[in-house]
Amino acid sequence: MPCKRCNGTDFQRDDATGNSYCSGCGTLQEYDNYEAQLGGLKGPQGTYIRVGTTGTGSTLAYRDKKIFDAGNLIDDITERLQLGDKSEEVRRMIGKITDGEFGRGEWFSALIGACCYAVVRKEGSGVLTMDEIVNVVGCDLHQLGSMCKRVVEYLGIELGEFDLVGLFVKTASSSPRLSGVDGKKKEKVVKQGGFLMNCSLKWFLSTGRRPMPLVVAVLAFVCQVNGVKCRIDDLARDCEVSLCTCKLRYKELLERLVKVAKEIGLPWAGDVNVKNVVKHSGALIGLMEAKSMRKKGDRSDGVCLKEIVRDCLRQEAMYCYDDDDDDDEGERSSFLQMVSCDDWWKGKSKMSQRLKLKEVLERDVGLDDLPVSFIKGCDAVERRREKIKAAKLRIGAVQDPCDDDKVSGRELSLEIGDGKKKRKRGCEIDWEDLVIQTLVLHNVKDEEIEKGHYNALLGLHVFN
């Protein structure tokens, strides 16, 4: 290879460095002293790599390292969930599920969270929601729910009842909105909230639903009752739940309390509605508590309104009547002040504590309501039944015009006024009436139409 500078071919080697240089111009030649490190009998020996080792020169097997890392991950997640004393139980469950192989990756983190949830629900010694596990593990909520179902089915675990009262106490105790509240008032808020959580369980407000929106709604209600400035928007933001769902649960709770006021026999129950039920809730919750402490078989309400009114009338200095007023507004305001006494709430009922579902259902709080979805389903079936009758009348009027005079116009066109907005006259027939009329013409049974599966019925009987 000639010199790059002078194209000469006469090279000499330096004895000190071993580099070649051109004898004509003295330019050093690059890569001239490179020696290939070839192996052989006297060359360097390598390391044999077996299947199952972690790399060159390592004596720790892949399975052992995987189990070691899995144990560290289990300890970390249980500590962050404040379940450090149950880490061995979680490790035992995972070892039984994976046949001692454990694992790594996102699915393994979800498996740890599912086992933690199953352990807490099985022992019933604490409160742990799936939302908390998702925030720690970092998986999707639906993925965690599916994993919990598979763990429970595989191990045959019988989950205990979810502790709604414990969840409410935990949320209220850790809420920053109640940090500056007086101790006695906070204790009263917690007890009244636990009482209303058991009432909500009895009224099926939590059936088939996520518990946190109901907890936020009850906490906002009892804070408003006890004069604690706390908005439902702030509570929903702190608990990371949907504000729309919380307001819906709050509305359902108010509607149940209005029903309780009418069923329990309040003298002013006719004036209680959703807008002002909070003002009457002091007396209402007190009566509900007294009624829940009534012994089984005792038909008395646990509280005598006549005695309460008599005791209040003895203290005439507490009330003032405006004689200059033409109407009875002064008397009405003093009467409302008389019945909203704070001493009605004692906090001694067992409904303020955690109870089994059977015990809650046996307690009497003034109202035995059915699930909301069941009531809506019954109303929908009744509405479809009326629509079927109207559709048959319309079909009969068309097929037999001679009997048209016997059928009134209202029967031909079903008018529904239960909604907030009534349809205009002449537009009473909507798409549901037309679909039902089509199904009736195709001789579909009334029982099938009442279920409301219109698309399936149209595909089977009309478009088939």
Side-chain angles (χ1 to χ4, degrees), residues 126-132 135 161-258 260 274-286 288-289 292 340 342 344-347 349-355 360 365 367 372:
V127 180
L128 183 64
T129 61
M130 287 191 177
D131 296 328
E132 298 179 36
N135 294 332
E161 299 176 3
F162 191 81
D163 188 6
L164 287 176
V165 177
L167 179 60
F168 177 85
V169 173
K170 180 180 178 180
T171 304
S173 302
S174 61
S175 176
R177 309 293 172 180
L178 303 178
S179 57
V181 181
D182 181 46
K184 292 184 178 180
K185 182 177 288 188
K186 188 173 182 179
E187 183 181 0
K188 185 178 180 181
V189 167
V190 171
K191 285 190 175 181
Q192 286 185 352
F195 180 83
L196 289 178
M197 289 301 297
N198 279 327
C199 292
S200 301
L201 181 62
K202 182 179 178 63
W203 299 332
F204 301 99
L205 295 182
S206 61
T207 304
R209 297 170 170 178
R210 296 182 182 179
M212 278 307 300
L214 180 60
V215 171
V216 171
V218 173
L219 182 57
F221 178 79
V222 293
C223 287
Q224 191 175 1
V225 170
N226 292 276
V228 180
K229 294 182 179 180
C230 187
R231 300 175 56 190
I232 191 173
D233 308 54
D234 301 331
L235 294 174
R237 190 183 305 109
D238 295 339
C239 297
E240 299 180 356
V241 292
S242 174
L243 177 60
C244 180
T245 308
C246 295
K247 289 184 177 180
L248 182 60
R249 300 293 174 268
Y250 185 81
K251 180 182 177 183
E252 291 175 354
L253 178 63
L254 296 182
E255 291 174 352
R256 294 305 182 281
L257 291 175
V258 172
V260 171
V274 177
K275 296 182 180 180
N276 62 6
V277 68
V278 178
K279 298 180 181 180
H280 304 280
S281 57
L284 184 59
I285 297 177
M288 292 169 60
E289 182 195 21
S292 65
S340 61
D342 294 335
W344 285 28
W345 170 260
K346 303 298 182 182
S349 175
K350 290 186 178 180
M351 287 286 284
S352 300
Q353 306 171 4
R354 181 189 178 184
L355 297 175
V360 172
V365 294
L367 179 65
V372 181

*Could you pull out all residues at least two apart from Ser174 that satisfy side-chain contact (heavy atoms from CB on, under 4.5 Å)?*
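So Ser174 forms no side-chain contact (heavy atoms from CB on, under 4.5 Å) with any residue.
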*Using the test side-chain contact (heavy atoms from CB on, under 4.5 Å), find all partners of Val190 that sit at least two apart in sequence or belong to another chain.*
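side-chain contact (heavy atoms from CB on, under 4.5 Å) list for Val190, sorted by chain: Val169, Ala172.
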Within a strict 4.5 Å, meaning less than it, do heavy atoms of the [X] and [Y] side chains meet?
X      : Y      : value
Leu248 : Cys244 : no
Val189 : Val181 : no
Glu240 : Asp131 : no
Phe162 : Leu167 : yes
Cys239 : Val215 : no

For the student: nearest non-hydrogen atoms of [X] and [Y], plus distance:
X      : Y      : answer
Val260 : Val365 : CG1-O, 3.9 Å
Trp203 : Leu367 : NE1-O, 3.1 Å
Leu164 : Pro211 : CD2-CB, 3.7 Å
Ser206 : Leu201 : OG-CD1, 3.6 Å

*Using the test side chain to side chain donor-acceptor pair (under 3.5 Å), find all partners of Thr129 that sit at least two apart in sequence or belong to another chain.*
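Applying side chain to side chain donor-acceptor pair (under 3.5 Å) to Thr129 gives Glu132.
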*Please list all pairs passing the side-chain hydrogen bond (donor to acceptor under 3.5 Å, both in side chains) test where one or both residues lie in residues 209-225, with sequence neighbours left out.*
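For residues 209-225: Arg209-Glu252, Gln224-Tyr250.
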*Any side-chain hydrogen bond (donor to acceptor under 3.5 Å, both in side chains) involving residues 189-202? Give me the pairs, sequence neighbours left out, ordered by first then second residue.*
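For residues 189-202, and leaving out neighbouring residues, the side-chain hydrogen bond (donor to acceptor under 3.5 Å, both in side chains) pairs sorted by first residue read Gln192-Asn226, Lys202-Asp368.
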_Criterion side-chain contact (heavy atoms from CB on, under 4.5 Å) on Val165 and Gln353, from CA distance to verdict_ = CA-CA 7 Å; Val165 177; Gln353 306 171 4; 5.9 Å; no
*Taking ring pair (Phe, Tyr, Trp, His ring centres under 6.0 Å) as the test, write out the residues that go with Phe195, two or more places apart.*
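If we apply the ring pair (Phe, Tyr, Trp, His ring centres under 6.0 Å) test to Phe195, skipping adjacent residues, the hits are Trp345.
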Could you measure the distance from the [atom1] atom of [X] to the [atom2] atom of [Y]? Nearest 0.5 Å is fine.
X      : Y      : atom1 : atom2 : answer
Leu355 : Glu161 : CG    : CD    : 10.0 Å
Lys170 : Asp163 : NZ    : CG    : 10.5 Å
Leu235 : Leu178 : CG    : CG    : 7.5 Å
Thr245 : Leu214 : OG1   : CG    : 11.5 Å
Ser173 : Phe168 : OG    : CZ    : 9.0 Å
Leu253 : Arg256 : CG    : CZ    : 9.0 Å

*Cys223 vs Leu219, side-chain contact (heavy atoms from CB on, under 4.5 Å): CA-CA, chis, key distance, verdict*: CA-CA 6 Å; Cys223 287; Leu219 182 57; 4.0 Å; yes
*Indicate yes or no for a side-chain donor-acceptor contact from Ser179 to the backbone of Pro176 under 3.5 Å, with no hydrogens or angles considered.*
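Yes; at least one donor-acceptor contact below 3.5 Å.
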*side-chain contact (heavy atoms from CB on, under 4.5 Å) between Val216 and Arg249: does it pass, once the steps are laid out?*
CA-CA 9 Å; Val216 171; Arg249 300 293 174 268; over 6 Å; no
